[in-house]
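Counting starts at 1 for both ligands and their atoms, in listed order.
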Amino acid sequence: MSTFWTEFLNAAANHPFPLTPGGFLSPLDMSPDDVLFPNVPPAPGMPCAGEDRSIYRRGARRWRKLYRVNGHIFQAKRFNRRAFCAFCQDRIWGLGRQGFKCIQCKLLVHKKCHKLVQKPCSNEHVDPVEVKDDANGESTLGRASSVRSRAEPEPPLPETPPAPAPPAPVRPEDLEPGSQRQYSLEDFELIRVIGRGSYAKVLMVELKRTKRVYAMKVIKKALVTDDEDIDWVQTEKHVFETASNHPFLVGLHSCFQTPSRLFFVIEFVRGGDLMFHMQRQRRLPEEHARFYAAEISLALHFLHERGVIYRDLKLDNVLLDHEGHIKLTDYGMCKEGVRPGDTTSTFCGTPNYIAPEILRGEEYGFSVDWWALGVLTYEMLAGRSPFDIAQAADNPDQNTEDYLFQVILEKTIRIPRSLSVKAASVLKGFLNKNPVERLGCGENGFLDIISHPFFKSIEWEMLEQKQVVPPFKPRLEGERDLANFPPEFTDEPVHLTPDNDTVIADIDQSEFEGFEYVNPLLMSLEDCV
Ligand code: C58
């Protein structure tokens, strides 16, 4: 059995006319093209004044794994209602992704039975790229969602399915005296939209009681309740808990939910992101790029040591605090529970930063983060992506995701001659297409990074204690200065659309039980106000 993705990529690479980029784009990713320039171009399709087309804000996506057996194209699925396995006739029930469904003929089987299916697919000739969403709103190829393979055996099938427990929101008055109170949407004033991804919208908010500002990541449950996406909400929470102990990772204030949404309240980092900073600077002096790359390395290494692959390093996710130190945000793509040498295989990330081993459909580990750091460091030093293709904008065939993937896999990376030998060497080290030879991925792991000549002037211990003065201090007028924020969200209304009863009726609220959380450390800080 091969994963469908491997085959699909091979087919795409040999395809004379590129498959539509829409085949890859997530239908959830429907915000207008996330380009950053508010100006009007001289003519449609022309770049705006000062526009650098190499830098786009594009959301990360997860691709769903598809398994091909006997003409069927199976996708992991969670079944809330009655479903019976077409192979063993038993009921498909249990938590998590307990079954597989063919995206063509809709055949349902247990995950454990899917390889044994003998009945061929009745609908074999449907081009998977052309498959449209069916009436149930189920996704087709290209929808941005994750697959996390479950190692545990299937739970035994109960005689009668347990009734889903009703959601149990905890009210402050229900709590023991002295325990932390929970938060709700009413506690916050929504100030403005500051970011958006395939799954989430991010707001700047104020906690009314303390007037403190936070970032609030809002996720619609309807987008995660389908299929196997639930565990990444858990992962995001765990990573937040881990991250609270590190100076270069954003920490979590609290979590709460409404019938339609999940909310992560995040410590607010005020200096904007590296994407915004780069758009003003074009390219950074080596000294500056070195500082950021070194702080990011420490953050990644911290996560790796705790079994987490970050998987979504990009300029938009590197925030600058008021002093100019970095903080990584967005743990929505993380993979947790990875031990040294362990691998995973979910196809995910943001196209420009996806490592070759992911594109090749190979198993991968922490190596993908060091690749992404290579791409990001290249962007800082060169002012453009290493995979930028001149004239690509004019040639529609070269403007597709497939073409980008082909370039990442095959093209030799050109390092601008203006860069120093050490900078060129660190870029070549991180951007090695072979993860085994890549800088940071060998036997010595992180040691090879900290001892690389490019980082010679870095005092790593001082750096981790924020004892090194950042090369650039974001200009901030006051607590709520918006000068460093991307302008594209300025006009967006901050309100959340009212809950829709029919959408809510389809959500299995039991999936989100226990989501509420209050960070005790941040809470006690608040009480000091
Ligand atoms: C920043 N790229 S999680 C805006 N986007 C985000 N900002 C923050 N967290 C996240 N303090 C995002 C996104 C996430 C997932 C979906 C995609 C967007 C954040 C966290 C903590 C500030 C921001 C740019 C920016 C940075 C600072 C202020 C305003 C805008």
Side-chain angles (χ1 to χ4, degrees), residues 26 28-31 34-36 55-62 144-146 188 190-207 212-220 223-224 232-233 235-237 239-240 243-244 246-255 261-280 299 310-334 348-350 353 376 474-490 492 494 519 522:
S26 152
L28 307 177
D29 203 14
M30 285 193 296
S31 50
D34 315 32
V35 185
L36 235 195
I55 293 179
Y56 293 96
R57 279 178 194 271
R58 305 191 64 175
R61 279 158 267 159
R62 288 160 190 255
S145 36
S146 68
F188 297 90
L190 312 184
I191 300 173
R192 70 192 237 132
V193 181
I194 58 169
R196 190 186 282 286
S198 330
Y199 283 95
K201 177 158 142 177
V202 182
L203 311 175
M204 177 183 178
V205 301
E206 181 192 278
L207 180 59
R212 275 174 191 261
V213 173
Y214 295 92
M216 180 188 266
K217 179 170 173 179
V218 187
I219 301 171
K220 283 199 174 136
L223 301 183
V224 294
W232 67 250
V233 174
T235 297
E236 183 155 7
K237 226 169 110 180
V239 177
F240 262 123
S244 295
H246 198 275
F248 304 143
L249 295 167
V250 292
L252 185 62
H253 171 273
S254 56
C255 291
R261 291 175 173 91
L262 299 171
F263 299 83
F264 287 97
V265 182
I266 309 168
E267 81 174 290
F268 192 66
V269 185
R270 294 187 289 152
D273 62 19
L274 267 188
M275 166 76 82
F276 185 76
H277 183 46
M278 281 302 298
Q279 279 164 345
R280 253 118 277 255
Y310 180 53
R311 296 201 296 197
D312 202 14
L313 182 66
K314 54 177 169 182
L315 291 171
D316 323 49
N317 283 343
V318 183
L319 308 175
L320 295 181
D321 71 11
H322 62 287
E323 293 175 319
H325 291 287
I326 69 106
K327 265 186 198 277
L328 300 185
T329 188
D330 197 6
Y331 310 132
M333 288 285 148
C334 289
C348 68
T350 300
Y353 297 87
L376 187 139
R475 268 195 320 151
L476 287 167
E477 302 285 308
E479 163 100 37
R480 265 157 225 228
D481 191 356
L482 304 178
N484 294 299
F485 298 178
E488 73 263 41
F489 298 109
T490 321
E492 228 189 277
V494 291
N519 184 337
L522 289 176

4.0 Å heavy-atom contact, Glu267 with ligand 1:
yes

Under 4.0 Å from ligand 1, counting heavy atoms only, is it the side chain of Asn317, its backbone, both or neither?
neither

Should the pair Arg270 and Phe268 be classed as cation-pi, given the thresholds of under 6.0 Å to the six-membered ring centre and 45° from the axis?
no

Please work out, at 4.0 Å between heavy atoms, whether the side chain, the backbone, both, or neither of Arg196 comes within that distance of ligand 1.
backbone

Got a donor-acceptor contact below 3.5 angstrom from the Arg311 side chain to the Met333 backbone?
yes

Looking only at distances, please establish whether an N/O atom of ligand 1 is found under 3.5 Å from an N/O atom of Asp273.
yes

Nearest 0.5 Å please: distance from the CG atom of Leu249 over to the CZ atom of Phe240.
10.0 Å

Which of the numbered atoms in ligand 1 are under 4.0 angstrom from any heavy atom belonging to Ala215?
11 (N), 19 (C), 20 (C), 21 (C)

Would you please test Tyr353 and Leu376 for side-chain contact (heavy atoms from CB on, under 4.5 Å) and show each step?
CA-CA 8 Å; Tyr353 297 87; Leu376 187 139; 4.2 Å; yes

Does ligand 1 have any atom sitting under 4.0 Å from a heavy atom of Gly272?
yes

Fit a plane to each ring of His253 and Tyr214, take the angle between them on a 0 to 90° scale, and name the class: parallel (under 30°), tilted (30 to 60°) or perpendicular (over 60°).
tilted

Using a 3.5 Å cut-off on N or O atoms only, is Asp316 in polar contact with ligand 1?
yes

Shortest non-hydrogen contact from Leu252 toward Phe264
CD1-CD2, 3.9 Å

With a cut-off of 4.0 Å, which atoms of ligand 1 are near a heavy atom of Leu319?
11 (N), 19 (C), 20 (C), 21 (C), 22 (C), 23 (C), 26 (C)

Closest non-hydrogen atom pair, Asp330 against Tyr310:
O-CE1, 3.3 Å

Donor-acceptor pair, side chain of Asn317 and main chain of Asp312, under 3.5 angstrom
yes

Can you name the residues that form a salt bridge (charged side-chain N to carboxylate O under 4.0 Å, His left out) with Lys327, not counting sequence neighbours?
Glu267

Can you confirm, on distance only, whether ligand 1 has an N/O atom lying under 3.5 Å from any N/O atom belonging to Asp330?
no

Just heavy atoms, cut-off under 4.0 Å: does Ile194 contact ligand 1 by side chain, backbone, both, or neither?
both

Under 4.0 Å to a heavy atom of Gly197 - the qualifying atoms of ligand 1, by number
16 (C), 17 (C)

Val269 N/O under 3.5 Å from ligand 1 N/O
yes

Pull out every atom of ligand 1 sitting under 4.0 Å from any heavy atom of Phe268, numbered as shown with elements.
11 (N), 22 (C), 28 (C)

